[in-house]
> 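Provided herewith is a single structure, encoded as structure tokens, for subsequent inquiry.
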Amino acid sequence: MIIKRDRKKWRAEKRLRVRKKITGTPERPRLSVYRSLRHIYAQVIDDTRGETLVAASTLDPALRGKVRSGNREAARMVGELLGQKALAKGIKKVVFDRGGYIYHGCVAAVAEGARAAGLEF
């Protein structure tokens, strides 16, 4: 008998396992990635205070008309924009939280873009 796994349930379980190990601090906040079918979102979060320090997405006015929103190029640009905003706020080092997604494709492109902007993981 074949047991079919629900994708959303699998990702939620994986996300919780990852979050048990990764926590954002004021010195090294967490860079969290979320992707929907159309857009990709990234945030830099301080978990001790529970606040988002910097955020960027394909819906950001700086990127809105420049790229198609569901591809690797758009994800890389989101990472670069997030890195620039984080550096402007004095954040240089972050912990990468892939949010239960496989480190591949758009998720990896966000990380590459953030590194290109100057963030250290």
Side-chain angles (χ1 to χ4, degrees):
M1 186 167 124
I2 298 174
I3 298 172
K4 188 174 179 182
R5 295 214 46 178
D6 183 21
R7 265 180 136 175
K8 287 184 181 181
K9 184 179 175 187
W10 176 84
R11 186 183 154 300
E13 290 170 359
K14 187 73 172 170
R15 184 180 162 275
L16 289 175
R17 266 183 273 151
V18 169
R19 283 286 288 125
K20 275 196 269 185
K21 300 171 190 168
I22 296 175
T23 309
T25 62
E27 301 82 36
R28 197 164 176 170
R30 175 172 57 98
L31 192 160
S32 177
V33 176
Y34 173 74
R35 66 182 176 90
S36 68
L37 292 176
R38 281 190 161 186
H39 299 286
I40 190 145
Y41 307 85
Q43 299 177 339
V44 175
I45 304 165
D46 177 5
D47 289 318
T48 56
R49 290 186 293 176
E51 77 180 31
T52 300
L53 305 173
V54 180
S57 74
T58 50
L59 294 171
D60 203 296
L63 299 178
R64 185 69 177 168
K66 294 182 181 176
V67 293
R68 280 192 52 237
S69 55
N71 60 13
R72 281 181 53 98
E73 182 62 25
R76 188 186 59 74
M77 291 178 80
V78 167
E80 287 178 1
L81 180 63
L82 184 80
Q84 292 166 0
K85 287 182 176 182
L87 289 174
K89 284 211 169 187
I91 301 166
K92 294 182 176 114
K93 289 187 176 187
V94 294
V95 178
F96 190 71
D97 176 14
R98 59 191 173 87
Y101 300 109
I102 297 171
Y103 186 82
H104 180 69
C106 289
V107 175
V110 170
E112 291 167 7
R115 280 191 195 104
L119 282 182
E120 295 176 29
F121 290 24

> Can you tell me if Asp97 uses its side chain to pair, donor with acceptor, with the backbone of Ser32 under 3.5 Å?
no
> Between atom CG of Asn71 and atom SG of Cys106, what is the distance when rounded to the nearest 0.5 Å?
7.0 Å
> Flag the pair Lys92 / Leu87 as yes when at least one side-chain heavy-atom distance between them is below 4.5 Å, and no otherwise.
yes
> Should we say atom CG of Leu16 is surrounded by more than 12 heavy atoms from elsewhere, each under 6.0 Å from it?
yes
> Should Glu112 and Arg115 count as an ion pair when the cut-off is N to O under 4.0 Å?
no
> Any donor and acceptor pair, going by atom type alone, linking the side chain of Arg72 with main-chain N or O of Gly105 inside 3.5 Å?
yes
> Is the shortest heavy-atom distance from the side chain of Lys93 to the side chain of Leu119 under 4.5 Å?
no
> Nearest 0.5 Å please: distance from the CG atom of Leu82 over to the NZ atom of Lys85.
7.5 Å
> Using a 3.5 Å distance criterion without hydrogens, assess whether the side chain of Tyr101 forms a donor-acceptor pair with backbone atoms of Val107.
no
> Considering residues at least two apart in sequence or located in another chain, which fulfil the salt bridge (charged side-chain N to carboxylate O under 4.0 Å, His left out) criterion with Glu51?
Arg49
> Looking at side-chain heavy atoms only, is the closest gap between Arg98 and Val33 below 4.5 Å?
no
> Once the angle between the rings of Phe121 and Phe96 is folded into 0 to 90°, is it parallel (under 30°), tilted (30 to 60°) or perpendicular (over 60°)?
parallel
